[in-house]
Amino acid sequence: RTHEKDGGDHEGGRCMKIILAGPYPDGTKEQFERLLPDHAFISVSDQKVYGEMEDGDCVIVRVLKTPAEVIQAKKNLKAIIRWGVGYDSVDIEAAGKAGIMVANMPGVNAYAVSELAVALMLSAGRRVIDQNRLTHDGIWNNKLYAKQMTTLNHKTVGVIGGGHIGRMVAGQVQNFGADVVYYDAFRMNEEKEEEFHMKYLPLEELVKVSDVITIHVPLLESTRHIIGKQEIESMKNGVILINTARGGLIDDQALAEALVSGKVAAAGLDCVEDENLEENPLAKMSNVILTPHMGGTSNDLADEMIPKIASQIKMLAEVGKIQNIVNQQYLQK
């Protein structure tokens with residue numbers, strides 16, 4: 001049977017028009033086209049243009065936002081697939097009420113995010129950024145930060161979030177000699193805890209005993225400011241705080257105050273609540289390492305992500321379903 005890329009059928013399923021809402025690494029569209037030659041791919045990296053697009057059976061979205069009005073403009077839309085784990089940029093309720101499935105890709109970029117989290121711990125603990133700057137300025141002195149430097153050896157690392165990324169971080173810091181405690185709203189079973197050598201603690205206990213705290217949970221109303229003024233006051237003096245998940249999980253203002261007082265020795269932040277860096281005091285602090293939410297970005301990520309998303313699209317075309325749906329509660333029965 002013949003087919004065309006206009007929504008016709010073929011033996012492997014329905015031919016679909018797929019919007020690649022990016023931007024994406026070079027070659028992404030071409031890789032998808034090689035894996036899915038029976039489908040048409042349209043690339044867009046401008047939010048306004050994306051919002052006005054009407055034609056599309058499926059959206060793969062990485063950076064651009066997908067609120068209700070963007071969804072409603074696309075009358076044939078059946079699924080939205082996030083390039084990554086977080087889906088707070090998609091109005092999952094509006095999608096569900098329109099019968100549109102929203103899925104994420106849990107665990108695919110976990111290796112990249114976990115590497116950055118550990119790199120931030122090490123850099124903050126050893127004051128790498130400051131020492132690099134001073135050395136480049138001609139000051140060769142390894143004693144300037146000797147009293148402030150610390151390692152992960154024999155420390156307790158508190159992991160908030162026991163998912164793919166949290167478990168990877170746990171394994172990596174254990175290789176540096178750290179013990180790991182964790183908190184998650186959905187506790188692992190005992191066998192998993194033993195497998196990953198992660199001891200469960202309630203959040204209020206975790207923040208009290210940890211030398212380093214790293215956050216790996218989604219931003220939800222229930223997790224907003226999961227680290228706030230009260231939690232910081234309960235922490236050890238000189239704690240190191242890491243966030244590679246989402247801005248808003250930490251109260252920026254409370255953290256800034258704790259960094260000034262010394263309650264928090266240093267922070268490694270790949271995201272902040274207030275991205276207006278002219279106004280955010282964290283951007284001006286030398287004991288804060290700040291990166292532009294690039295933890296899940298690396299030049300090899302596409303090689304991990306594209307085949308897994310392609311398999312989702314094949315499933316959508318063949319049986320009308322996808323996996324890892326995050327808005328099931330809003331989909332009409």
Side-chain angles (χ1 to χ4, degrees), residues 16-33 35-36 39-110 112-113 165 218-220 245-248 270-271 275 292-298 301-317 320-328 330-331:
M16 297 188 298
K17 292 184 179 178
I18 298 156
I19 299 171
L20 283 173
Y24 286 98
D26 291 344
T28 295
K29 182 171 179 283
E30 291 75 14
Q31 288 188 61
F32 272 118
E33 288 173 338
L35 290 171
L36 300 166
H39 303 289
F41 290 85
I42 308 162
S43 295
V44 58
S45 58
D46 180 89
Q47 182 68 50
K48 186 174 185 295
V49 175
Y50 172 50
E52 294 173 349
M53 295 176 77
E54 298 180 355
D55 200 11
D57 298 288
C58 177
V59 168
I60 303 168
V61 61
R62 176 172 174 257
V63 175
L64 301 183
K65 298 185 184 302
T66 311
E69 57 269 22
V70 173
I71 294 168
Q72 290 161 3
K74 297 162 182 52
K75 304 304 182 185
N76 297 321
L77 192 60
K78 297 165 184 63
I80 300 168
I81 302 174
R82 274 283 294 123
W83 176 286
V85 180
Y87 49 88
D88 49 290
S89 63
V90 179
D91 189 330
I92 63 171
E93 182 175 357
K97 289 180 177 178
I100 299 164
M101 298 171 284
V102 180
N104 65 350
M105 300 301 294
V108 179
N109 65 356
V113 179
I165 298 171
L219 178 62
L220 309 167
R246 283 289 187 273
D270 192 39
C271 45
E275 295 180 1
H293 207 184
M294 53 80 163
T297 301
S298 64
L301 179 61
D303 296 333
E304 293 282 330
M305 191 72 74
I306 291 173
K308 291 181 172 61
I309 293 179
S311 68
Q312 289 275 64
I313 293 171
K314 286 180 181 178
M315 181 183 298
L316 179 65
K321 299 292 182 182
I322 53 177
Q323 298 173 321
N324 305 318
I325 294 174
V326 298
N327 68 333
Q328 189 67 55
Y330 300 116
L331 289 167

Report task. Could you check if a side-chain atom of Gln31 sits within less than 4.5 angstrom of a side-chain atom of Asp303, using non-hydrogen atoms only? Result -> yes

Query - Heavy-atom check, side chain of Leu301 versus side chain of Trp83, under 4.5 Å - result: yes

Query raised in the report: Mind checking whether Phe41 and Phe32 have parallel, tilted or perpendicular rings, split at 30° and 60°?
Result: parallel

Query raised in the report: Are any of the side-chain nitrogens in Lys17 or Asp55 under 4.0 Å away from the carboxylate oxygens of its partner?
Result: yes

Query raised in the report: To the nearest 0.5 Å, how far apart are CD in Gln47 and CD in Glu52?
Result: 10.5 Å

Query raised in the report: Looking only at atom types and distance, does a side-chain atom of Tyr24 sit under 3.5 Å from a main-chain N or O of Arg62, one as donor and one as acceptor?
Result: yes

Query - Rounded distance [0.5 Å steps], CE in Met315 versus CD1 in Ile322 - result: 9.0 Å

Query - Over 12 foreign heavy atoms within 6.0 Å of CD, Glu54 - result: no

Query raised in the report: Hey, is the main chain of Met294 close enough, under 3.5 Å, to the side chain of Asp270 for a donor-acceptor pair?
Result: yes

Requested in this report: Salt-bridge test for Arg246 and Asp88: reply yes if a basic N is under 4.0 Å from a carboxylate O, no otherwise.
Outcome: yes

Report summary line: Value for CG (Asn327) from CD1 (Ile100), rounded to nearest 0.5 Å, stands at 9.0 Å

Report task. Could you check Thr66 against Tyr50 for side chain to side chain donor-acceptor pair (under 3.5 Å), going step by step and ending with a plain yes or no? Result -> CA-CA 9 Å; Thr66 311; Tyr50 172 50; 2.8 Å; yes

**Report entry** Pairwise distance CD(Glu304) to CD1(Ile309) - rounded to 0.5 angstrom
**Finding:** 12.0 Å

Query raised in the report: Rounded to the nearest 0.5 Å, what separation is found between the SG atom of Cys58 and the CD1 atom of Ile81?
Result: 4.0 Å

Query - Side chain to side chain, Val85 and Val108, heavy atoms closer than 4.5 Å - result: no

